[in-house]
Structure formats: C-alpha cells, structure tokens
Engineer: 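For reference, the structure I am asking about is given below.
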Amino acid sequence: MNDFDEFDAFEGASGGGSLSQRAMAARPAPYLDELNPAQRAAVEALDGPVLMLAGAGTGKTKALTTRIVHLLNTGRAGPHEILSVTFTNKAAREMKERVGRLLGQTVEGMPWLGTFHSICVKLLRRHAELVTLDLALGAGGEDPLAAAQTTAQAAAQQDDVLEDLTGQPFAPAAIPNHLKSNFTILDTDDQNRLLKQLIEAAGMDVKRWPARQLSGVIDHWKNRAWTPEQVPTSEAAAFNNRGIELYKQYQRRLIELNACDFGDLLLHVVSIFQRYPDLLDQYRRRFKYILVDEYQDTNVAQYLWLRLLAGGHKNICCVGDDDQSIYGWRGAEVGNILRFEKDFPGAEVIRLEQNYRSTSHILAAASGVIQGNSNRLGKTLWTDQGDGEKVRLIGHWDGEEEARWIGEEIEAGQKGARGVRPHGLDEVAILVRASHQMRAFEDRFLTIGLPYRVIGGPRFYERMEIRDAMAYFRVVTSPADDLAFERIVNTPKRGLGDKAQQKIQMAARQNGVPLVEGARLLLQDKGIGGKGAKELALLVDNIDRWGRLAGDEDLSHIELAEMILDESGYTTMWQNDKTPEAPGRLENLKELVKALEQFENLSGFLEHVALIMDNDSQDAEQKVSIMTLHAAKGLEFPVVFLPGWEDGLFPSQRSMDENGVKGLEEERRLAYVGITRAEEVCTISFAGNRRVYGQWQAQLPSRFIDEIPEEHVEVLTGSGYAGGGYGGGMGMGGLGGVASSIDSRVADANVYNSPGWKRMQARSHQRPVGQPKESLKTVIDLQAVSAYTLGERVFHQKFGYGSITGIEGDKLEIDFEKAGPKKVVAKFVTAANDAGGDVPF
DNA sequence: TATCCTGTCCTTTTT
DNA sequence: GGACAGGATA
C-alpha cells in the first residue's frame, strides 16, 4: 500500500510535466540579478542546512521563492521533490503565485508546497491505516523530543532520530482499529463537545472543569508531540489529575469516530515516521529539499516532523526571524530557531538585514525596543529609504479620546497633513494588542462615518449557521459522523430534546453503530413515540435520500446542498427568526452555497473547508484596517497607529504574570512587529484612563515607550486638538493633561531616557507636594499625588466632583457625586477649590 | 421544551 | 460591561 510507484503516479496526476528537471536544467538565472548580496547568498546556498534570518521587510518571501525557482532551474530537484511548508494558507498561496510568476508559468506541479497541516492531511490520507489505536495512544513511547535532542548531540550520525526508535513490522491490516483515509477533521467546536461528553462520563463537574480547559491542555501536549503514553509524569496533576486519562479516552474516541483534530494531523504523522522507518526513508528520498517559512513559529511537533524528514540529506532551509516570534502561547518554541545551528551542525546562517519597507526613524525605533530582549540571534536592520518621519507619540485622556484623535488624524491624513503626502484609507492600519480595544474605534468610526474593516475576528466558517449547514453536509456524505448528527438532530427544533437524544445514544451504543443507525433501530423498536418519532423518521429518511442523491449524476452538488438546507427546514428556521442577525445568517448561507461552485462535490468542499479557514473578504471600497498585532504579522502599511501602549494592556499583564520575563519578551517582540509594519508614519499612543471590565482604571504609559530611542521620537502635544474643537473642560484637563506630562519629560531629556515607568512611580512618591505652578499643567501633573487626604473633596475632569475614600500609591479611590465610586490616578484630580477655571462638562 | 435569569469569565489564534 | 453558558422556571 505504500508502494512508491503508486505514489509517483499519484504525483504525476497532479503535476505539470513541463517543469521536469531536464527541461529546466542549466538555464540562465536572470532572477539572481534582482537580489541583494545576502538574498543571493541565501538563494545560492542550495545544499546542506541553511538558516535564513530575515528581519522584518527584508524580502524574505522573495528569497524563498527565488530559491525554489533556483532549485528547479539548476535541476537539483523536480517540482514534486521540494517540500515547502508555511503556516498559513495565505502564505502558501502567495508563494505559489510568486514562484509561478518567476517561472512564467503556473506551478500546478508543486504538490508539496502548503501548510504543515495540509501536507500532513495529504500524508495521512495515504497512510491513515497506520494510525492504529496503539499508535494514537503512543504506547512504548519515550518523549520524542528528548530522544531527538539526545541524538542531536551526537549530531554526526546519519539517521539519528530513527536509531532510537524501535521499528515495528508493517502489519496494519491485522489491527482492525485504525483510521480510514476518509477521516474527518474536527474543529475546536467538535473537539469541545466531544471532550465535554468525556468529562461528564468521567463524573466530573463540567462547570468546574470546562471542556475548553481540557482541550487547551491536550492541545498543549499535542504541540509538544506527546501521545498519551508520552505525557511526562510531571503533568499528571493536569485537569484535576484526570488529564492524561481523559486524553487517552479522547484519542480512543477519535479513532472510533474516524476523526482527527488539528493537533493529530501532525502528531500522527510524526508517530508514523518514528514507527515506520522504511516509510520515512521513502519520504526522505522523495523530498530532496525542504524549505520552511516562519521557522520561529514552529512548535515541537512541527520541529520533530522537520527533523525526521530532513534527517537524511539535511537539505533544509529554514527562514525566520527570532524577533518576530509571537506565538509562544500556542506552542511555538523560539528555541527551535535559536538552536538551529546546534541541531544542524555546519549550517550556514545568512542574515537578511536590508529593510525595504520602513524609513530609518521607524526602523531605529523598532530596533531600540527589541534590543531590550536578551536571547536573540541578533540582526541589525538598515535601510536606504531615507530618514522620513520620526515615530510620533501622543498621550490621551482615555480610550475614547484616543479613538477620536486617531479618527481625526486619519481624516486629516487623507488630505495630507504636516508635510506628509496624502494617504488613502487603504494605506492606514490600526493595530491593537487585544481585540476588545477595537470597539472604541468601531464606535468612533461609525459615528463619524469613516469606513473601516476589521481583520480577523470570527471567521466565516466558524459561524453558527455555516457550521450547522456543514454538519448537514457531513451527515449526508458520511452518515457515521456522529458529531455532525448530534449537531443537527434537533436543529431546527424537531421535538428531539435531551431525553430523545439519550435514547438514540443508547440504541447506537448497545448495537455498536453510529447514531443515525441507532436512530433507525430506535424507530423500528418503537422506542420513541409522538411528534419526535415522526420527525426523527423523516430526518433519517431524508438523510438516506440525500445520501443517494449525492451519487446522482443529474443533480449538481449545489442543487443538492440547497435541497438539504430547504428540506431539512434549516432555511425556514432562519426565515422565521426575528432576531436582527437572522437576515445576515441567511445571507451567509447563500454565500456558502456559492462557495460550493468551486468544488466538484460536497466532500471535496468539506475537505477544503476543514483546513482553510480563510476570511479574506476583498472589497473595493477604501477602508481603514483594524486588527490585532498578531494578525498584522507579515503585513505592511504606509500609516500605522499603535494605540493602547499602556502597562498592563501592552505589555499585557497576564502575559507577564503567567510567563514572567519570557512573557515580557514576547510582548516586546509584538511591539517590534507593530512598529515594523509601518512604512512612512508610525504613531504610538496611550491613554491615562481606560475602562477594563467595566471599571475605570488609571493607566501608565507602556514601558516599551521608554525603550524607543529619544532621537527617533516626536512627541505630539495634541495642542491643536485640545484647545479647539471641544469643551474648554476637555481642553487642558483631558488631552492636554497627559500630553503635557510627556511634554515635561521631553523638556528634560534625562528624564526621558530613564525608564519612565519606574520614574513615574518614583516621582509620584518623591516629589514634594509643591506649590502648584502657574498653569493647569502642574495641577494635573504627577506630583500632586500624596497631597490629598481622605475625605477631601476633589474635582475630576471626567467624573466631576467627589470625595476621596482611599489612597493607594498614586491612585485615589473617589466616591464621585455623579459617577459613583472610581479609582483614579491622582494626577487627573485637582483639589475641588483649585479647579477654578475648569468647566465641568 | 422554550425562556429567562444568574453566575462566570474575560489576550493573542492558525490549522 | 457584556457575552455566554447553564440552571431554574413556566
């Protein structure tokens, strides 16, 4: 079954023979002339391990794609002999396009250019039968990473990893319990429902021990390439001491269901390669050259996967940037890239340092920040793009004010302001740390009618109605898909509640059949009556009928899909729904059916959807982009706003609490990613007050702000905005307040250079409660802090008058007459009698 | 079985 | 503050 001839035939079917090695060999290579020396070195170092350290905006994709072309062109490998892995479908698509463009033809013939997951699916479909229960549970395992690392030390060994693993004879057919090649891929939703069932079955309180938490634990283990047997004892306490046991049960259920979750796709392939060295060897010979994009994002399982495949020839080229490793929280190991030279002795390390994206002020600002991290491989980015604008920094009163200001800046920027060329809305991005920050911008932009688009967020295929519809399709194409059946059995409502569903479950379990069959038996035995019985009978009949129609030549899968959605009553359900979302959901269903057009049948579509959660809605209108910093990686914009640079928000408190210095460093890399997205104008801002979980909280500027070298920063006072436009009350107190506190530190350069966060704290305690200087600026400056006494009546720009009920460092607890009790930073409060000229709003 | 209320949680997210 | 899930209620 693993016959290689068949495998080749399989390849040939998808491949354009036009790219054959012979045809390409010894052609001139004009594309090399378009590279800078470092890029060219990276492209020409074809054999042996290569680490391409590509800083932000240094033309990494160009180097990578040219390398592929060069491999083909020199006849080193055919298109089907290059394994080229990315993390996202988008990156894979872009690479395909660019390789195609360089070659001047399509690259149909590169079957192994794709995401880790899609390539693993391809492999697993071919070798599903090797995934036995035994393999899935990982019996006899030691920690595969430990094994790999020990062998890494004896690095000269040829087939290192394999020598530590006991191969077992190929006898999959003898074991009935294994995956079949038509296995389904579960998404997080399915996963959680399944886990919940298991948790309940284990007699645990689902409320105290939520499925989401368990799935997090299991994912974490899978990311580390631990099968249940390999989970180290140090993890035994996980999930109320039941984690490992539940993991085992979960894997068992998945095999029973003929299903994999995302983690399994990698884990199973790694297990297969480890257990069947002969098979691995075939693939090692097959994939003559391996290229990996975003290597800093690989987790342990991916790392092992790569090590196994590259173990023979070691022709592996990893591209990445340790400074842009921002996915540690989902299992990525920066260590993988830091360790590359140890893993692959003799590796050539090539640094791409010429940045083609940003002006030098922006680049210098980013470099200044990232230098705060230890444990870097180190790169020095440079550019000949000219100095450009300094990074602009501005403080605001609160989050809404920040959003308002940014809105105005964008509008002004369209016309061109401050000597900067006019920018269209498409050229502007707002990058936030956490998605809840987006709200202030959406609110504001809706009021002023500024078009925006939110990138990221709930994906099309994750929407409830889409998942329901797809569950119907799944039940039709594979009736044994119990999770899909459970999802739709009572959607729309068919009078089949918990009790009825339990009966179905019982019937199915007793007879060892899938739920649909269980339902059929239940009906035959008259184990269920009334309305429910009638409805269930109808549903089961429908599923049968749709299933038959799926094989009907005369009915297109699109018509079938429409039929399923209509006859099941699903469309009607939403038509009758009066909630405001209903029309949108119907719209989405239509879009879903439209998406079917690109596929030959329903199962082809389902396969695609399982792996491709793309949400690239392209529309023509010019819009400002709003997204998280994570979502922005790999993108670039002429104008970038980076709001919310406040300690606790960014860097995120949680990140620091849970992961200490490691967490902080990842946050810093995020800051680096953020700044380096900007081509021409980069504006960082922070607010003095922010509502967190409904509570007003005083915020201090992010420590990262102080890490930007002063000479690359221009501090905006916002004076043009504070005075004009709105209420006198807002004037100095609001915007001016924070801005002027920055002002003061700019006036005093030494102060700016010191770690501002500490300084602010120190200051608030040290400075004597001095005599207020003449301007309001002083009143709102930091030193006023301990001037207050309990019970004192004070005035606050936003909340009005109140009395102090508590003092805690530089924060005051104040019971406001109108706004109620709040915690406020002292600098934003004045003694009530001092507030003289201020106009309460 | 449907609906309302109450308690809990609360970065980042691809596949 | 608000989304969401689960339990209590009609």
Side-chain angles (χ1 to χ4, degrees), chain A residues 85-92 114-121 185-188 191-193 196 200 205-208 210-213 215-216 219 222-223 260-267 294 297-299 301-302 325-332 399 431-440 443 455-459 461-462 464 490 492-501 530-532 607-615 627-634 644 648-659 663 666-667 669-671 673-674 690-697:
Chain A
V85 237
T86 63
F87 275 85
T88 64
N89 291 297
K90 199 173 153 199
T115 62
F116 276 103
H117 293 268
S118 67
I119 289 170
C120 283
V121 171
I185 301 164
L186 301 190
D187 59 30
T188 19
Q191 201 181 337
N192 284 332
R193 279 186 299 136
K196 196 180 156 201
E200 274 167 348
D205 180 2
V206 210
K207 217 162 171 181
R208 274 197 63 198
R212 288 188 48 171
Q213 192 192 327
S215 85
D219 274 350
K222 287 186 175 174
N223 284 339
C260 287
D261 65 20
F262 284 120
D264 284 336
L265 298 177
L266 274 145
L267 182 58
E294 306 280 16
D297 289 339
T298 49
N299 61 32
Q302 286 153 342
S325 164
I326 55 174
Y327 285 108
W329 51 274
R330 68 177 199 213
L431 312 181
V432 297
R433 174 64 183 84
S435 49
H436 62 79
Q437 288 172 262
M438 294 180 180
R439 210 180 151 149
D443 282 354
I455 299 190
R459 264 152 280 285
Y461 290 113
E462 278 168 20
M464 187 217 304
N490 199 31
K493 300 271 181 276
R494 294 193 172 87
L496 297 164
D498 281 352
K499 254 178 145 172
Q501 289 186 40
K531 179 172 173 270
E607 165 87 21
H608 167 86
V609 166
L611 285 173
I612 302 197
M613 289 291 189
D614 267 5
N615 202 17
M627 69 190 92
T628 62
L629 288 161
H630 285 92
K633 195 171 86 163
L649 179 59
F650 187 44
S652 136
Q653 193 58 52
R654 187 161 164 183
S655 192
M656 294 187 289
D657 288 349
E658 289 177 5
N659 299 303
E666 184 153 313
E667 296 287 307
R669 291 193 289 267
L670 213 39
V673 167
R690 201 172 283 276
R691 213 170 14 200
V692 183
Y693 303 141
Q695 289 263 293
W696 279 98
Q697 253 191 12

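Please read all numbers here as calculations on a predicted model, not as lab measurements.
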Engineer: Under the criteria of a ring-centre distance below 5.5 Å and an interplanar angle below 30°, is Trp329(A) stacked with the base of dT13(B)?
Structural biologist: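 No.
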
Engineer: Checking contacts here: which listed nucleotide (dT14(B), dG1(C), dT15(B)) is nearest the side-chain heavy atoms of Arg330(A)?
Structural biologist: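 The answer is dT14(B), which lies nearest to the side chain.
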
Engineer: Using a cut-off of less than 4.0 Å, is there contact between a side-chain N or O of Ser435(A) and OP1 or OP2 of dT12(B)?
Structural biologist: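 The answer is yes; a side-chain N or O of Ser435(A) sits under 4.0 Å from OP1 or OP2.
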
Engineer: For the side chain of Thr115(A), starting at C-beta, report the closest nucleotide among dC10(B), dT15(B), dT14(B).
Structural biologist: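 Closest nucleotide among those given: dT15(B).
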
Engineer: Are Phe87(A) and the base of dT14(B) stacked, counting only ring centres nearer than 5.5 Å and planes tilted under 30°?
Structural biologist: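 According to the criterion (under 5.5 Å, under 30°), no, Phe87(A) does not stack.
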
Engineer: Looking at side-chain heavy atoms only, is the closest gap between Val85(A) and Gln302(A) below 4.5 Å?
Structural biologist: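 In short, these two side chains do not touch, never coming nearer than 4.5 Å.
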
Engineer: As a test of the definition: with a 90° window around 0 for syn, would you call dT11(B) syn or anti?
Structural biologist: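 Glycosidic conformation of dT11(B): syn.
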
Engineer: To the side chain of Glu667(A), which of dT11(B), dA3(C), dT15(B) is closest?
Structural biologist: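 The answer is dT11(B).
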
Engineer: Roughly how far, to the nearest 0.5 Å, is CH2 of Trp329(A) from CG of Asn659(A)?
Structural biologist: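 If we round to the nearest 0.5 Å, Asn659(A):CG and Trp329(A):CH2 are 12.0 Å apart.
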
Engineer: Scan Lys196(A) against the nucleic acid and name what it touches under 4.0 Å (heavy atoms): base, sugar-phosphate only, or nothing.
Structural biologist: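 Counting heavy atoms under 4.0 Å across all strands, the contact made by Lys196(A) is with sugar-phosphate only.
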
Engineer: Count the heavy atoms of every other residue, nucleotide or ligand shown that sit under 6.0 Å from CZ of Arg212(A), and state whether that count exceeds 12.
Structural biologist: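 12 or below, so no.
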
Engineer: Measure from the side chain of Ser655(A), starting at C-beta and using heavy atoms only, and say which of dA2(B), dT15(B), dT11(B) lies closest.
Structural biologist: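 Closest nucleotide to the Ser655(A) side chain: dT11(B).
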
Engineer: So, OP1 or OP2 of dT11(B): does either fall under 4.0 Å of a side-chain N or O from Arg654(A)?
Structural biologist: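 Checking Arg654(A) against dT11(B): at least one side-chain N or O falls below 4.0 Å of OP1 or OP2.
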
Engineer: Sort out the partner of dA8(C) for me: Watson-Crick or G-U wobble, both distances under 3.5 Å, none otherwise.
Structural biologist: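 Checking every strand shown, dA8(C) finds its partner in dT3(B), with both distances under 3.5 Å.
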
Engineer: Using a cut-off of 4.0 Å on non-hydrogen atoms, how would the nucleic acid contact of Gly495(A) be classed: base, sugar-phosphate, or nothing?
Structural biologist: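 Since only primed, P, OP1 and OP2 atoms lie under 4.0 Å of Gly495(A), the category is sugar-phosphate.
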
Engineer: Classify the nucleic acid contact of Ser652(A) as base, sugar-phosphate or nothing, counting any heavy atom under 4.0 Å across all strands shown.
Structural biologist: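 Result for Ser652(A) = base.
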
Engineer: Which part of the nucleic acid does Ile119(A) contact within heavy-atom distance under 4.0 Å: base, sugar-phosphate only, or nothing?
Structural biologist: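 Nothing: the residue Ile119(A), judged by heavy atoms under 4.0 Å, touches no strand.
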
Engineer: At 4.0 Å (heavy atoms only), tell me whether Arg212(A) reaches a base, stays on the sugar-phosphate, or touches nothing.
Structural biologist: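 If one applies the 4.0 Å heavy-atom cut-off, Arg212(A) turns out to touch nothing in the nucleic acid.
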
Engineer: Would you check, one step at a time, whether the test side-chain contact (heavy atoms from CB on, under 4.5 Å) holds for Leu431(A) with Met627(A)?
Structural biologist: CA-CA 5 Å; Leu431(A) 312 181; Met627(A) 69 190 92; 3.6 Å; yes

Engineer: Looking only at the side chain of Ala631(A) (C-beta and beyond, no hydrogens), which of the listed nucleotides dT11(B), dT15(B), dT13(B) gets closest?
Structural biologist: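 Within the option list, the nearest is dT13(B).
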
Engineer: Would you say dT14(B) has OP1 or OP2 under 4.0 Å from some side-chain N or O of Asn89(A)?
Structural biologist: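 Looking at the OP1 and OP2 atoms of dT14(B), neither is under 4.0 Å from any side-chain N or O of Asn89(A).
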
Engineer: Does Tyr327(A) make a side-chain N or O approach to OP1 or OP2 of dT15(B) shorter than 4.0 Å?
Structural biologist: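 So the side-chain polar atoms of Tyr327(A) never come under 4.0 Å of the phosphate oxygens OP1 or OP2 of dT15(B).
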
Engineer: Side chains of Ser215(A) and Gln191(A): is there a donor and an acceptor less than 3.5 Å apart?
Structural biologist: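 No, Gln191(A) and Ser215(A) have no side-chain donor paired with an acceptor closer than 3.5 Å.
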
Engineer: Checking contacts here: which listed nucleotide (dG1(C), dT11(B), dT13(B)) is nearest the side-chain heavy atoms of Arg433(A)?
Structural biologist: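 Per side-chain heavy atoms of Arg433(A), the pick is dT11(B).
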
Engineer: Let's see if you can work this out: which of dT15(B), dT11(B), dT13(B) has an atom nearest to the side-chain heavy atoms of His630(A)?
Structural biologist: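 Closest nucleotide to the His630(A) side chain: dT13(B).
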
